[in-house]
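Counting starts at 1 for both ligands and their atoms, following the listed order. These numbers come from a predicted model, not from an experiment.
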Amino acid sequence: MRILILGGTTEASALAARLAGRSDFSPLLSMAGRTSDPRPLPIPTRIGGFGGVAGLARFLQAEEIEAVIDATHPFAAVMSRNAAEACGQDQVPLLALRRPAWAPQEGDRWIEVVSMGEAVQALGEAPRRVFLTVGRLELAPFSAAPQHTYLVRTIEPIGDALSVPNVVAIQDRAPFDEDAERMLMERERVDVVVTKNSGGAATYPKIAAARALGLPVIVVARPEKPRGVEEVASAEAALDWLERLHGRTP
Ligand SMILES: NC(=O)c1ccc[n+]([C@@H]2O[C@H](COP(=O)([O-])OP(=O)(O)OC[C@H]3O[C@@H](n4cnc5c(N)ncnc54)[C@H](OP(=O)(O)O)[C@@H]3O)[C@@H](O)[C@H]2O)c1
């Protein structure tokens, strides 16, 4: 069974690992190409956009794709919408593999906002030391608040994405460790953290570390994903879905 996995996430890689070496599935994992040196995967991959809904619909037909797993990041709203439309047009079964959002726990000091613009506002006027972990492509709005000192962590170098005078940029990628996160925040004298509500274990340690240190966390809510698409939260559940679907395929 020919499967297209829309990836770029830990969950997509976990599903790839489960499908590797199986003779009953022929998976292809697609990435947008945002990370220049993605971690190697044990199944065939392709990189780059499809060219919108029409391009994806053509790709599904040309590659004779029989099922699509949308395992993109919870904030990759465009790709998920395109997948829902293209799969609808071509009548290809679609499953969303999406990690649950984080929920605040006792001791958390969350400030929940709905956009990066609101996150900038929530920092306030007075200068603060901000740990900014929202991804390289979301940094620009923070240029409007140059009074703060930013500790920015991204996978790729930030280049000129954030034009403010006081920036410490570090490059690193998940998974992270709670003790190391706490030490980093202490060393850099961070007094507020900004994050997307990405969910998942790999980047949760910053939330736990902020709780331990009593720091506020500005949490940006997830964008809307297309409705009416069946959704699971784990690679195992996605594999079950594929196996059930495969069982039905003549
Ligand atoms: N946004 C985040 O916070 C975040 C965090 C970690 C990882 N990621 C991963 O990075 C990728 C891009 O995220 P984004 O927020 O830029 O997405 P997006 O805004 O939803 O997508 C923008 C465009 O990028 C292309 N694209 C996105 N995901 C793709 C994929 N898996 N394979 C091929 N093309 C893809 C599509 O181009 P065409 O229209 O030309 O097909 C899409 O229209 C996703 O794979 C996502 O899982 C995103």
Quick one: does [X] get an N or O within less than 3.5 Å of an N or O on ligand 1?
X: T9; value: no
X: L6; value: no
X: L137; value: no
X: A71; value: no

Open item on the list: Please check this pair: side chain of R34 against backbone of R136, looking for a donor-acceptor N/O pair closer than 3.5 Å.
Closed with: no
Task: Side chain T9, main chain A12, donor-acceptor under 3.5 Å - done: yes
Specify the protein heavy atom at minimum distance from [atom]: its residue, its atom name, and the distance to 0.1 Å.
atom: atom 28 (N) of ligand 1; result: M79 CG, 3.4 Å
atom: atom 17 (O) of ligand 1; result: A76 CB, 3.4 Å
atom: atom 40 (O) of ligand 1; result: G51 N, 2.9 Å
atom: atom 41 (O) of ligand 1; result: F50 N, 2.6 Å
atom: atom 39 (O) of ligand 1; result: G52 N, 3.0 Å

Task: ligand 1-proximal atoms of K196, by part, heavy-atom distance under 4.0 Å - done: side chain
- [ ] Just let me know how N82 lines up against ligand 1, side chain, backbone, both or neither, with a heavy-atom cut-off below 4.0 Å.
- [x] side chain
Have a look at [options] and point out the one with the heavy atom closest to [atom].
atom: atom 45 (O) of ligand 1; options: G7, G8, S80, S30; result: G7
atom: atom 37 (O) of ligand 1; options: A32, G49, A12; result: G49
atom: atom 18 (P) of ligand 1; options: V78, I47, I155; result: V78
atom: atom 14 (P) of ligand 1; options: E11, H73, R34; result: R34

Open item on the list: Would you say V164 ends up clustered with L123 if hydrophobic residues are merged whenever their side chains have heavy atoms under 4.5 Å apart, either directly or through other cluster members?
Closed with: yes
Open item on the list: I'd like to know if A77 contacts ligand 1, where contact means a heavy-atom distance under 4.0 Å to any ligand atom.
Closed with: yes
- [ ] Assess G48 for proximity to ligand 1: is some non-hydrogen atom of it under 4.0 Å away?
- [x] yes
Hey, does [Y] have a side-chain heavy atom less than 4.5 Å from the side chain of [X]?
X: W102; Y: D108; result: no
X: L242; Y: I69; result: yes
X: R129; Y: V168; result: no
X: P74; Y: N197; result: no

To the nearest 0.5 Å, how far apart are [atom1] in [X] and [atom2] in [Y]?
X: I218; Y: I111; atom1: CD1; atom2: CD1; value: 5.0 Å
X: L19; Y: L41; atom1: CG; atom2: CG; value: 11.5 Å
X: K196; Y: H73; atom1: NZ; atom2: NE2; value: 5.5 Å

- [ ] If the plane angle is over 60° it's perpendicular, under 30° parallel, otherwise tilted; pick one for F142 and Y150.
- [x] perpendicular
Open item on the list: Please list, in number order, the atoms of ligand 1 under 4.0 Å from a heavy atom of F75.
Closed with: 1 (N), 2 (C), 3 (O), 15 (O)
